[in-house]
Amino acid sequence: MTPERLARIKQILDTRQPDISVLTDQVHKPRNLSAIIRSCDAFGLANMHVVWPREGFRAFRKTAGGSYNWVTTHTHRTMDDAIGYLKGQGHKLYAAQLSDRAVDYREVNFTVPCTVIMGNEVDGVSAGAADQADEHIVIPMMGMVESLNVSSACSIILAEAQRQRKAAGLFDARRLPDDEYQRLLFCWCQPTVKRYCDDRNLPYPPIDPETGDLIDGVGWMQEVRKLRANRPRWDDEPAAIEENLD
């Protein structure tokens, strides 16, 4: 971790916006999902929400350009689950949807806690999600085609959201909660250790925020080895397992 790299990480974390997100409604093409993740990173979003396409969620790392590492992606089984969660967080829902009540995307307020709902490539935003949205927004079209690719449309909308938030001064001070800031600082500074901990269900070790390095990497690894040595194996005898758990 070079000082320049650490400074860049902190600069990005200082401008991340925790209260604006994108919710994809059954977007099924991996390249579109990856491009949307990339746009979320580019325009300063901390979170993206995904409702599983029927064939399951995955995205192409090549298309995302490493954006997986910088945007926290939350998955939900249904749109009702996702909408209930986001409304519980106080978000207004803006559905990118052509309808009788749709307004120009530049007319809505992106400086409040909000989520942009992007529909899938064939059917758009589902009827239930459209009904629950606070606003329907559209990008005015002046050509022969009637719509844009979903990832392109998302980028245009997020660029306007960024413009509004910058004008309102929302990028001028750190807005991530302290616990989320520290978690992301660790994950971004120590991606290899993060993967090791996630794979083994281990707590993250402390890092020095001034350097991005583990405070006591050798001592932590020694404790990990002791912990793993005392964990019961799946094929242990029941009596041995009970003894280890006492």
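Just so it is clear, the structure is predicted and the values come from calculations on it, not from any experiment.
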Would the distance check show the side chain of [X] and the main-chain N or O of [Y] forming a donor-acceptor pair, the cut-off being under 3.5 Å?
{"X": "Gln97", "Y": "Ala102", "result": "no"}
{"X": "Arg200", "Y": "Arg195", "result": "no"}
{"X": "Asp25", "Y": "Val125", "result": "no"}
{"X": "Arg174", "Y": "Thr15", "result": "no"}
{"X": "His136", "Y": "Ala96", "result": "no"}
{"X": "Thr78", "Y": "Asp81", "result": "yes"}
{"X": "Trp188", "Y": "Trp70", "result": "no"}
{"X": "Ser152", "Y": "Leu148", "result": "no"}
{"X": "Gln164", "Y": "Val108", "result": "yes"}

Notebook entry, point to check: If you draw a 6.0 Å radius around NZ in Lys166, do more than 12 non-hydrogen atoms from other residues or ligands fall strictly inside?
Noted result: no
Next item on the list: Answer yes or no: are there more than 12 heavy-atom neighbours, outside Lys92 itself, under 6.0 Å from its atom NZ?
Entry: no
Spacing of [X] atom [atom1] and [Y] atom [atom2] [to the nearest 0.5 Å]:
{"X": "Thr115", "Y": "Met48", "atom1": "OG1", "atom2": "CE", "result": "11.5 Å"}
{"X": "Glu180", "Y": "Leu13", "atom1": "CD", "atom2": "CG", "result": "9.0 Å"}
{"X": "Ile137", "Y": "Ile157", "atom1": "CD1", "atom2": "CD1", "result": "4.0 Å"}
{"X": "Arg31", "Y": "Leu33", "atom1": "CZ", "atom2": "CG", "result": "12.0 Å"}
{"X": "Ile20", "Y": "Leu170", "atom1": "CD1", "atom2": "CG", "result": "9.5 Å"}
{"X": "Asn32", "Y": "Ile37", "atom1": "CG", "atom2": "CD1", "result": "11.0 Å"}

Next item on the list: Output, in order, the C-alpha distance, side-chain angles, deciding distance and verdict of side-chain contact (heavy atoms from CB on, under 4.5 Å) for Val138 and Val103.
Entry: CA-CA 6 Å; Val138 294; Val103 300; over 6 Å; no
Check: Are any of the side-chain nitrogens in Asp19 or Arg165 under 4.0 Å away from the carboxylate oxygens of its partner?
Finding: yes
Check: Between Lys194 and Asp198, is there a salt bridge with N-O shorter than 4.0 Å?
Finding: yes
Identify the heavy atoms of [X] and [Y] that sit nearest to each other, and give their distance.
{"X": "Ser21", "Y": "Leu86", "answer": "OG-CD2, 4.0 Å"}
{"X": "Ser155", "Y": "Ser39", "answer": "OG-OG, 2.6 Å"}
{"X": "Met79", "Y": "Ala129", "answer": "CE-CB, 3.6 Å"}
{"X": "Pro209", "Y": "Lys10", "answer": "O-NZ, 2.6 Å"}
{"X": "Cys40", "Y": "Val22", "answer": "SG-CG2, 3.8 Å"}
{"X": "Cys189", "Y": "Gly212", "answer": "CB-O, 3.7 Å"}

With the side chain counted from C-beta on, respond yes when [X] and [Y] share a heavy-atom pair under 4.5 Å apart, and no when they do not.
{"X": "Arg16", "Y": "Asp41", "value": "yes"}
{"X": "Leu158", "Y": "Arg163", "value": "no"}
{"X": "Pro140", "Y": "Asp104", "value": "yes"}
{"X": "His74", "Y": "Val50", "value": "no"}
{"X": "Ile117", "Y": "Val51", "value": "no"}
{"X": "Leu93", "Y": "Cys114", "value": "no"}
{"X": "Ile83", "Y": "Gln132", "value": "yes"}
{"X": "Val116", "Y": "Cys154", "value": "no"}

Spell out, yes or no, whether [X] and [Y] are grouped together once hydrophobic residues are joined by side-chain heavy atoms under 4.5 Å, including indirect joins.
{"X": "Leu6", "Y": "Ile12", "result": "yes"}
{"X": "Leu98", "Y": "Val27", "result": "no"}
{"X": "Leu185", "Y": "Val193", "result": "yes"}
{"X": "Ile156", "Y": "Met141", "result": "yes"}
{"X": "Tyr204", "Y": "Ile9", "result": "yes"}

Next item on the list: With side-chain contact (heavy atoms from CB on, under 4.5 Å) as the test, would you mind laying out the steps for Lys87 and His91 before giving the verdict?
Entry: CA-CA 5 Å; Lys87 285 195 170 184; His91 280 221; over 6 Å; no
Notebook entry, point to check: Any idea how Tyr196 and Trp220 line up, ring-wise: parallel (<30°), tilted (30 to 60°), or perpendicular (>60°)?
Noted result: perpendicular
Note to self: Tell me whether the rings of Tyr85 and His49 are parallel (<30°), tilted (30 to 60°) or perpendicular (>60°).
What the structure shows: tilted
Item checked: Validation row, ring centre Phe110 to ring centre Tyr94 under 6.0 Å -> yes
Check: Can you find a side-chain donor-acceptor pair between Gln11 and Arg8 that sits under 3.5 Å?
Finding: yes
